[in-house]
Amino acid sequence: MGRSQLQRGGVDRGGRFGPDADDTGCAVLHVDMDAFFASVEVRRRPELRGKPVIVGGVGPRGVVSAASYQAREYGVHSAMPGARARRLCPHAVFLPPDFAAYSEASRAVMSIFHDVTPLVEPLSLDEAFLDVAGCRRRLGSAGQVAKLIRRRIADEQGLTASVGVAATKFVAKLASTQAKPDGLAVVPAAETLDFLHPLPVSALWGVGERTAETLRRLGLRTVADIAHTPVTSLRSALGNAAGSHVHELSWGRDPRRVTPEAVDKSIGAETTFDVDIDDSATLRTTMLALAGKTAARLRRVGLVGRTVVIKVRFADFRTVTRSRTLASPTDVTREVFDTAWALYEALRPGERIRLIGVRAENLLPAGQASLQPQLGAPEQGWREADRAADAARARFGSAAVTPASLLPQTDGGGSAAPGEPGD
DNA sequence: TCTGGGGTCCTCAAACTC
DNA sequence: TCTGGAGTTTGAGGACCC
């Protein structure tokens, strides 16, 4: 999903880069499910087949999470505000996201990948890289493996996927975008630059709206333009890392391997209020719920965080963050909340607030961390309370344990209701 | 047009350490 | 003892991705 609409054209899907192109030297597959969330909804409600279906965009400030190809014909795409999507396609079926269903479908698709190779690197629920170099004797060339995977996903899951086959991750990803929907594109290793150079700069990974505008001001419009610009000029325009990065990609150089296990760098939760608020009690209650959700997720995956970050977005969409690094890492709701709230109190914005968020960074495995209570703080008691609450929730459901301060109140204010508070 | 929620990575400045 | 410089850590912000 995402940017698929912006880099079409110029590629001959049936010929040079079609499903039967020469796949010598290609070992990387990028598999991307087509309109995944919308397709899962259509699969369980066949009466929606052929209709514009939009997942997300249902609340007053919601945005589109996924749109079926019928909805995309009206210009609807992901990340578009729901109100705009409704104007463009008023007869579309709008559905709230059901992440449990999408996760289940994702697990089924990923298990097909794991039947093929252990070298699977998921990027999100609906896409993954696969290294199929070791499959040749058992299953055939990369192109043949791609066809097999597409067929199994269709037969066993009733869903369609697009697959890109190339020598590198980055080119495989571009190829799958070109193949959409329900297609297969193979970029022969020897023809990588012919594939790459006509594409717009925005096709490059890491080039978003801002960077594309900077490059446009330099007169750089295509990947070929970037390739033929001195890397020093790119570095001075974009910064060292980004300048070198786009220059390397423009020559098809991408040394990253397919790496199966990714380590979490941060875990957090945030919520946007239906209406901007300045009521301290609502903010505090919401912050407690977000801290609880964050700490519960840390405990579930066995991690602790050393740095607590809060994010505050004001009514005018300005966003600030504040962070504090603790003396020892934590997964205790109370400690996450106390730190987050202290950061908020120090900020004391005095403006109406649109969004707040809590995040834990500098993560490490709970087993490796020395979890020491702060001076004077009964942390052990809080940790035990968290564990008991986790156990109760596991047994009786997420609503089984709720801090008193999160029980329904009669005042108005925000409508945020993040799940899994902690205490 | 009016912008979600989950993240990663990079840059820069200031503080700190050696 | 003071000082400067280099390297590291922390904090904040921004761009980007799905």
Side-chain angles (χ1 to χ4, degrees), chain A residues 1-4 6 30 32-33 35-37 55-67 75-88 96-97 99 102-103 106 122-129 169-170 173 176-177 202-215 235-236 238-246 256 262-274 276 290 293-294 297 306-327 339 343 346-347 354-363 416 418-419:
Chain A
M1 282 179 269
R3 301 163 61 189
S4 55
L6 50 72
H30 179 256
D32 197 343
M33 303 299 294
F36 184 54
F37 297 173
V55 176
V58 287
R61 286 175 160 176
V63 300
V64 173
S65 289
V76 177
H77 55 80
S78 57
M80 173 181 281
R84 175 139 194 257
R86 225 169 275 276
R87 274 196 301 278
L88 288 171
F99 285 101
Y102 312 145
S103 298
S106 176
L123 289 182
S124 62
L125 285 180
D126 73 316
E127 60 180 299
F129 286 113
K169 288 167 82 170
F170 153 65
K173 181 154 170 60
S176 73
T177 302
S202 56
L204 295 177
W205 228 354
V207 178
E209 219 173 296
R210 301 296 173 99
T211 308
E213 174 57 25
T214 303
L215 293 169
R235 284 196 191 125
S236 69
L238 306 178
N240 278 332
S244 305
H245 173 72
V246 297
R256 295 165 309 154
V263 182
D264 281 332
K265 302 280 174 65
S266 71
I267 286 176
E270 62 188 53
T271 192
T272 298
F273 297 103
D274 286 350
D276 302 330
L290 294 169
K293 190 175 179 181
T294 300
R297 288 181 53 203
R306 203 154 88 80
T307 304
V308 175
V309 188
I310 65 162
K311 172 167 155 184
V312 178
R313 177 167 289 156
F314 300 111
D316 65 2
F317 222 70
R318 261 182 322 114
T319 307
V320 298
T321 61
R322 292 292 182 269
S323 62
R324 179 169 301 167
T325 299
L326 306 171
T339 309
L343 287 165
L347 185 63
R354 179 188 183 94
L355 166 153
I356 59 170
V358 177
R359 179 162 293 280
E361 295 183 352
N362 279 324
L363 306 185

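For the pair A:Arg297 (side chain) and A:Gly268 (backbone), a donor-acceptor distance under 3.5 Å is present. Of the possible donor and acceptor atoms, one in the side chain of A:Arg306 sits under 3.5 Å from a partner among the backbone N and O of A:Leu326. At distances below 3.5 Å, at least one donor-acceptor pair connects side-chain atoms of A:Arg61 with backbone N or O atoms of A:Phe273.
Distance from the side chain of A:Arg359 is smallest to B:dG7 among B:dG4, C:dA12, B:dG7. Between B:dC2, C:dA12, C:dT10, one nucleotide has an atom nearer to the side chain of A:Ser323 than all others, and that is C:dA12. Picking from B:dG7, C:dT10, B:dG6 the nucleotide with the shortest atom distance to the side chain of A:Ser266 gives B:dG7. With distances taken from any side-chain atom of A:Val320 to the nucleotides C:dG13, B:dG6, B:dC2, the minimum falls on C:dG13. When distances are taken from the side chain of A:Arg61 to each of B:dT3, C:dA12, C:dC16, the shortest belongs to B:dT3. Comparing atom distances between the A:Glu209 side chain and each of C:dC16, B:dG6, B:dG4 picks out C:dC16 as nearest. You'll find that the side chain of A:Thr321 is closest to C:dA12, out of B:dG4, C:dA12, C:dC18. The side chain of A:Arg354 approaches B:dG4 more closely than any other nucleotide in the set C:dC16, B:dG4, C:dC18. Closest contact between the side chain of A:Arg84 and the listed nucleotides C:dC18, C:dG11, B:dT1 involves B:dT1. You'll find that the side chain of A:Arg87 is closest to B:dC2, out of C:dA12, B:dC2, C:dC18.
Contact check, A:Lys265 against B:dG7: no side-chain N or O comes under 4.0 Å of OP1 or OP2. The phosphate of B:dG5 has OP1 or OP2 within less than 4.0 Å of a side-chain N or O from A:Thr272. Phosphate contact (OP1/OP2 of B:dG7, side-chain N/O of A:Lys311, threshold under 4.0 Å): absent.
Along DNA chain B, the nucleotide closest to A:Asn240 and the one closest to A:Gly268 are compared, and the more 5′ of them pairs with A:Gly268. Toward the 5' end of DNA chain C, the nearer of the two residues A:Leu343 and A:Thr211, judged by each one's closest nucleotide, is A:Leu343. Both A:Ala241 and A:Val63 lie near DNA chain B, and the one whose nearest nucleotide falls closer to the 5' end is A:Val63.
Between the CZ atom of A:Arg313 and the C1' atom of B:dT3 there is a distance of 8 Å, given to the nearest Å. In this structure, CG of A:Asp276 is placed 14 Å from P of B:dC2, rounded to the nearest angstrom. The interatomic distance linking A:Asp264 (CG) with B:dC9 (C1') rounds to 15 Å, in whole Å. Put simply, CG on A:Leu123 is 12 Å from C1' on B:dG7, counting in whole angstrom units. Atom CZ of A:Arg256 is separated from atom P of B:dT8 by 15 Å (rounded to the nearest Å). Atom CD in A:Glu213 sits roughly 16 Å away from atom C1' in C:dC16 (whole-Å rounding). One atom, CH2 of A:Trp205, and another, P of B:dC9, lie 11 Å apart when rounded to the nearest Å. Put simply, CD1 on A:Ile267 is 14 Å from C1' on B:dT8, counting in whole angstrom units.
Ring-to-base geometry does not place A:Phe317 in a stacked arrangement with B:dC2 (centre distance under 5.5 Å, plane angle under 30° required).
Within 4.0 Å (heavy atoms only), A:Arg86 reaches no atom of the nucleic acid at all. Within 4.0 Å of A:Leu125, counting heavy atoms only, lies no atom of the nucleic acid at all. Backbone-only contact: A:Arg306 has heavy atoms under 4.0 Å from sugar-phosphate atoms and none from a base. When heavy atoms are screened at a 4.0 angstrom cut-off, A:Gly357 is found touching no nucleic acid atom at all.
Distance noted for atom C1' between C:dG4 and B:dT17: 14 Å (whole Å).
Atom-to-atom distance recorded for A:Phe37:CZ and A:Asp126:CG is 6.5 Å, nearest 0.5 angstrom. The CZ atom of A:Arg359 sits 11.0 Å away from atom CG of A:Leu290, with the distance rounded to the nearest 0.5 Å.
Ring planes of A:His30 and A:Phe129: tilted class, angle from 30 to 60°.
A 6.0 Å sphere centred on CZ of A:Arg256 holds more than 12 heavy atoms belonging to other residues, nucleotides or ligands.
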